[in-house]
Visitor: 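This is the structure I want to talk about, given as structure tokens.
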Amino acid sequence: MRVALIGSADFGKAALEAFLDRGDEVVAVFCPPDNPKSTKPEALKEAAIARGLTPLQFASLKGPEAAQAMIDSQADICVMAYVLQFVPQELANLPKHGTIQYHPSLLPKYRGPSAINWAIALGEEKTGLTIFRPSDGLDEGEVILQKEVAIGPDDTLGQVYFDALFPLGIKALLEAADLVVAHQHQEIPQDESLANYEGWFEVNAAQIHWASHITQTYNLIRACNPAPGAWTKMGEQKVQIFDARKHVSATYGAVKGKPGEITQISADSFFVGCHGGQIEVLKAKGAAGKMSGAQLAQELNLQVGQFFLL
């Protein structure tokens, strides 16, 4: 089939390579304009060039130039894989079989750009992915297929995405494209009674409030690992916490310290009190970059009995 691809980053790159590697003809690759502030090459752009394709980098996909490029491609289908630009309905409808899009949630739950973060932070035990028809409403189009993914009690954002939703999503895009081009798919309207939308999981959302319950704190740390990094402060020093363990206090006698208090420093980590137990910090980041919890404790001269900002 003739595929037009709109996307970016490693997911867009993987989608491009998956279609090419199985013998499809990628007839257009739309990716964002170069970011002058970034020193890292755009992954999809670099992959397209390496495969002998010329990436199309329009400042906006709303204009006539982007539409004409899509028309000229004579694509059978357009695939949207990690899209950062708004794609108008007029552009999405131009290919012979329209456009399909990937989203890392079981739509209509967790519409928005940080679906995996929010699902983990809110303690969900499962998530998934959806391939759907994009509309002018964000993540609101008809569902073509969905696949569920379990969220383990200790799974981080990185594990859920890179180990499950990323590879499964690439396979799902191939499967959905085949179904659509063969006219073997269904398009199911989303159930609006189940819908919710969240915005970006930004730095303010990633702040640790040690007075919260240990489960909430632990879920937040998992949801921010590896990005944006759950954070707290020791005095004026910002500390980001990445790898951690949850230690639940089963009895009153097992409680150690108060919320936000450093209760123990070991050879590999340090412990912080919470309501319901302690968080053991295994990997963190201070002024000198990422390191073990014990190394950070040494760098900041942390002492048992000190408190992080509540």
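Numbers here are sequence positions counted from 1. Hydrogens, waters and symmetry mates play no part in the numbers below; they use all other heavy atoms, side chains included.
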Visitor: What class does the angle between the rings of Phe271 and His247 fall in, given that below 30° is parallel, 30 to 60° is tilted and above 60° is perpendicular?
Guide: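 Plane angle between 30° and 60°, so tilted.
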Visitor: Judged by modelled atom types alone, do Gln190 and Arg111 share a side-chain donor-acceptor pair under 3.5 Å?
Guide: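 Per modelled atom types, Gln190 and Arg111 side chains form a pair under 3.5 Å.
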Visitor: Check this for me: does any side-chain nitrogen of one of Arg22 and Asp178 sit under 4.0 Å from a carboxylate oxygen of the other?
Guide: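 Salt bridge flag = yes for Asp178 with Arg22.
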Visitor: Check the pair Lys126, Glu148 against salt bridge (charged side-chain N to carboxylate O under 4.0 Å, His left out), reporting the backbone distance first and the verdict last.
Guide: CA-CA 7 Å; Lys126 73 174 182 179; Glu148 289 189 1; 3.0 Å; yes
Visitor: Would you kindly say whether Glu280 and Ser269 are connected by a side-chain donor-acceptor distance under 3.5 Å?
Guide: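 Yes, because at least one side-chain N or O of Glu280 sits under 3.5 Å from a partner of the opposite role on Ser269.
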Visitor: Donor-acceptor check, side chain of Arg222 to backbone of Asp155, threshold 3.5 angstrom: yes or no?
Guide: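 Checking the backbone N and O of Asp155 against the side chain of Arg222, a donor-acceptor pair under 3.5 Å is found.
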Visitor: Under 3.5 Å, is there a donor on one side chain and an acceptor on the other for Glu187 and His185?
Guide: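 Judged by distance alone, the side chains do pair up.
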Visitor: Please determine, by modelled atom types, if Asp191 and Ser193 share a side-chain donor-acceptor pair under 3.5 angstrom.
Guide: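 Indeed, the side chains of Asp191 and Ser193 share at least one donor-acceptor pair under 3.5 Å.
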Visitor: Regarding Glu124 and Lys109, does a basic nitrogen lie under 4.0 Å from an acidic carboxylate oxygen?
Guide: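 The answer is yes: the pair qualifies as a salt bridge.
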Visitor: Assert yes or no for the condition that the ring centre distance of Tyr102 to Phe11 is strictly below 6.0 Å.
Guide: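 Yes.
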Visitor: Do the side chains of Ile241 and Leu220 join up, straight or via other hydrophobic residues, at under 4.5 Å, putting them in one cluster?
Guide: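 Same cluster.
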Visitor: So does Glu175 pair up with Lys147, basic N to acidic O under 4.0 Å?
Guide: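 Salt bridge between Glu175 and Lys147, a charged N being under 4.0 Å from a carboxylate O: yes.
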Visitor: So, Tyr218 versus Asp154: side-chain donor-acceptor pair below 3.5 Å or not?
Guide: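 Short answer, yes.
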Visitor: Is it the case that the side chain of Arg245 and the backbone of Val281 share a donor-acceptor pair, with hydrogens and angles ignored and the cut-off at 3.5 Å?
Guide: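 Not confirmed, Arg245 side chain does not pair with Val281 backbone.
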Visitor: Do Thr232 and Trp210 have side-chain N/O donor and acceptor atoms under 3.5 Å apart?
Guide: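 Distance-only check passes for Thr232 and Trp210.
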Visitor: Are a donor atom and an acceptor atom from the side chains of Asn196 and Glu198 found within less than 3.5 Å of each other?
Guide: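 There is such a pair (donor and acceptor under 3.5 Å, judged by atom type) between the side chains of Asn196 and Glu198.
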